[in-house]
2 protein chains.
Amino acid sequence: MMLGHHFKLFSFVFLYSYMAIAIKISLNEGIYLRDPQDSSLGRNIIKHSILLIEDVGFETFNFKKLAQEMNSTEASIYRYFENKHLLLIYLVSWYWEWVSYLIRINTLNIEDPKKKLEIVINSFVSASLDNPSTEFVDESKLHNLIIAEGTKAYHTKEVDDENGKGFFKTYKQLINMVAGVIVEINPTFKYPYALASNLFEMSNNHIYFAKHLPRLTDIQVSENKYSEVEKMLNYFSAKLLGYER
Amino acid sequence: MMLGHHFKLFSFVFLYSYMAIAIKISLNEGIYLRDPQDSSLGRNIIKHSILLIEDVGFETFNFKKLAQEMNSTEASIYRYFENKHLLLIYLVSWYWEWVSYLIRINTLNIEDPKKKLEIVINSFVSASLDNPSTEFVDESKLHNLIIAEGTKAYHTKEVDDENGKGFFKTYKQLINMVAGVIVEINPTFKYPYALASNLFEMSNNHIYFAKHLPRLTDIQVSENKYSEVEKMLNYFSAKLLGYER
DNA sequence: TTTATATGATAGTTTTACTATTATATAAAA
DNA sequence: TTTTATATAATAGTAAAACTATCATATAAA
């Protein structure tokens with residue numbers, strides 16, 4: 001039993017350091033003041049900000065409440081992020097990077113681009129499920145946050161300035177990868193980037209609509225089961241790119 | 001000359017009262033404390049808030065700045081709207097109502113549902129152009145505001161509560177009308193509401209992308225000329241609903 | 001052991017988001 | 001015409017949000 005406990009602890013530590021090396025998410029350094037992945041306080045900021053924003057909404061979320069929630073201080077959080085807007089960009093970027101990673105590993109041995117696009121769509125819709133990236137990021141909660149608040153990261157007056165600094169590069173790379181798959185399926189399709197970004201945005205939008213404004217969509221969701229959204233996006237893609245399913 | 005002046009004034013008054021009767025936009029009364037259409041101060045709030053939000057962005061916009069801009073006081077504005085969030089809902093609702101109105105009058109004598117959908121798409125894309133609704137609402141600026149800030153009206157923690165109060169009814173009615181056209185074109189199409197809302201959101205999104213994050217789209221826009229967006233949306237619709245263009 | 005660095009504790013400033021009060025102008029009712 | 005109701009302006013104030021600054025202490029690196 002003592003040995004068992006010891007082993008468990010060891011495997012946890014191993015798992016953790018493996019994760020940290022293997023898929024440490026690398027994000028634009030301009031987003032943060034100090035890399036939150038490099039300290040337990042930083043990881044706590046990420047962890048609790050996901051929970052708190054999801055709970056109270058981005059508008060009512062602030063660093064004071066976050067500090068209380070994690071038993072730290074406002075000033076300490078300000079040493080990691082200039083303001084809550086940049087923290088949101090960090091979280092959203094994390095999500096984009098995570099979805100990219102999911103798509104990359106799940107399409108590794110896949111040749112058929114139609115099958116690849118199915119995996120892309122499945123990753124958009126259920127990036128929450130399967131393997132978690134790290135113990136401090138709850139992917140399911142993060143996905144919910146993206147669905148409700150994600151577009152606020154780039155719908156601001158600072159978008160051009162921040163885009164110039166490369167803050168949205170991970171999103172553009174993700175869309176670029178998906179557009180590549182679309183072109184593989186149909187090289188004559190005129191709107192690969194628009195379709196790629198639309199599939200991503202539509203996925204989040206219609207999950208949100210199903211939950212809050214159901215008359216704006218046809219699909220239904222129940223308890224984080226998004227199979228109808230997935231079916232719809234696959235249907236749209238097949239129709240637009242001209243293949244049967 | 002005296003007569004001329006008098007006549008001009010008269011025609012202005014006539015025009016104004018005609019407008020007020022003919023297309024006074026009726027919006028859910030819960031959105032405002034006092035109907036801004038009923039006083040010149042109220043109309044000034046609408047007029048200047050559109051200009052100011054478009055100029056500084058919704059996050060940095062506040063009632064103090066708005067009051068300065070229109071030579072009034074913060075307290076006076078608060079008698080019309082509880083807070084800036086409800087003012088945004090008002091402006092967004094106005095836009096939805098205006099687009100609905102445009103679609104209604106422009107499809108009045110049209111029989112062919114495919115032609116109707118083209119008019120719908122044209123209204124989504126260029127609701128800014130053609131006839132203005134009233135002299136105090138700059139439709140072109142309002143459209144820009146919707147493109148940049150529109151979805152913030154319903155991406156909040158209050159969405160369920162406010163939806164219960166009917167604040168988003170005009171949006172749902174608009175989408176319902178468009179879904180009706182879609183069903184006319186193809187009665188077997190499984191996602192009429194999703195396609196309708198997606199056409200609307202996609203229109204705004206890709207205009208925004210073209211302006212600020214061009215690598216997320218394939219289309220280009222120049223100086224409020226959105227013909228490429230229109231072409232794309234028509235292409236998407238035709239493909240999805242299975243007809244030639 | 002020294003020194004650098006991170007965090008906590010505390011306090012403070014400026015701006016935002018309101019609320020309250022009174023005065024005055026204007027419109028409606030008597 | 002006078003009274004009365006209502007709208008707006010002017011002013012002042014409060015509470016919270018969004019930071020910034022300082023110093024003490026704990027911990028890690030040199």
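Scope of the values below: all heavy atoms of this structure, side chains included, with no hydrogens, waters or symmetry mates. Protein chains get the first letters and strands the later ones, always in sequence-line order, with residue 1 at the start of each.
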K.L.:
Can a side chain N or O of A:S76 be found less than 4.0 Å away from OP1 or OP2 on C:dG8?
P.N.:
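Checking C:dG8 against A:S76, a side-chain N or O does come within under 4.0 Å of OP1 or OP2.
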
K.L.:
Return each pair, listed once, that meets ring pair (Phe, Tyr, Trp, His ring centres under 6.0 Å) where at least one residue sits in residues 39-61 of chain B; pairs must be two or more places apart or across chains.
P.N.:
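Sorted result for residues 39-61 of chain B: empty, none.
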
K.L.:
Pick base, sugar-phosphate or nothing for B:Y80, based on heavy-atom distances below 4.0 Å to the nucleic acid.
P.N.:
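Contact class for B:Y80: sugar-phosphate only.
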
K.L.:
Please determine if a side-chain N or O atom of A:S72 lies less than 4.0 Å away from the OP1 or OP2 oxygen of C:dG8.
P.N.:
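Yes, because at least one side-chain N or O of A:S72 sits under 4.0 Å from OP1 or OP2 of C:dG8.
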
K.L.:
Just jot down the side-chain contact (heavy atoms from CB on, under 4.5 Å) partners of A:N28, sequence neighbours excluded, or say none.
P.N.:
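Per chain and number, A:N28 pairs via side-chain contact (heavy atoms from CB on, under 4.5 Å) with A:I31, A:F167.
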
K.L.:
Among all residues two or more places apart in sequence or in another chain, which pass the side-chain contact (heavy atoms from CB on, under 4.5 Å) test with A:S100?
P.N.:
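With sequence neighbours excluded, A:S100 shows a side-chain contact (heavy atoms from CB on, under 4.5 Å) to A:R104, A:L174, A:M177, given in chain and number order.
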
K.L.:
Determine which nucleotide pairs with D:dT22, using a 3.5 Å limit on both distances of a Watson-Crick or G-U wobble pair.
P.N.:
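D:dT22 is paired with C:dA9.
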
K.L.:
What are the 5'-most and 3'-most nucleotides of DNA chain D lying under 4.0 Å from any heavy atom of chain A?
P.N.:
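Contact boundaries, 5' end first: D:dA17 to D:dT22.
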
K.L.:
Figure out the CD/P separation between A:Q68 and C:dA9, and round it to whole Å.
P.N.:
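Rounded to whole Å, this separation is 13 Å.
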
K.L.:
Mind checking side-chain hydrogen bond (donor to acceptor under 3.5 Å, both in side chains) for A:K172 and listing every partner two or more places apart, or none if nothing turns up?
P.N.:
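If we apply the side-chain hydrogen bond (donor to acceptor under 3.5 Å, both in side chains) test to A:K172, skipping adjacent residues, the hits are A:N163.
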
K.L.:
Applying side-chain contact (heavy atoms from CB on, under 4.5 Å), can you list everything that pairs with A:T73, at least two apart in sequence or on another chain?
P.N.:
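Partners of A:T73 by the side-chain contact (heavy atoms from CB on, under 4.5 Å) criterion, ordered by chain and then number, come out as A:A75, A:S76.
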
K.L.:
Could you tell me which residues satisfy side-chain contact (heavy atoms from CB on, under 4.5 Å) with B:D218, sequence neighbours excluded, listed by chain and number?
P.N.:
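Once residues adjacent in sequence are excluded, the partners of B:D218 under the side-chain contact (heavy atoms from CB on, under 4.5 Å) criterion are A:Y191, A:P192, A:Y193, A:A194.
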
K.L.:
Would you call A:F136 and A:Q37 a side-chain contact if the rule is heavy atoms closer than 4.5 Å?
P.N.:
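The answer is yes, as the side chains (C-beta and beyond) meet within the 4.5 Å cut-off.
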
K.L.:
Using a 4.0 Å heavy-atom cut-off, write out nucleotides 13-21 of chain C from 5' to 3' as B (base contacted by protein), S (sugar-phosphate only) or - (no contact).
P.N.:
---SBBBB-

K.L.:
Distance check needed: C:dA9 C1' versus A:N71 CG, whole Å only.
P.N.:
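Whole-Å distance recorded here is 14 Å.
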
K.L.:
Sorted by first residue and then second, give each salt bridge (Lys or Arg N to Asp or Glu O under 4.0 Å) pair with at least one member in residues 58-71 of chain B; sequence neighbours left out.
P.N.:
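Found B:E59-B:K152.
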
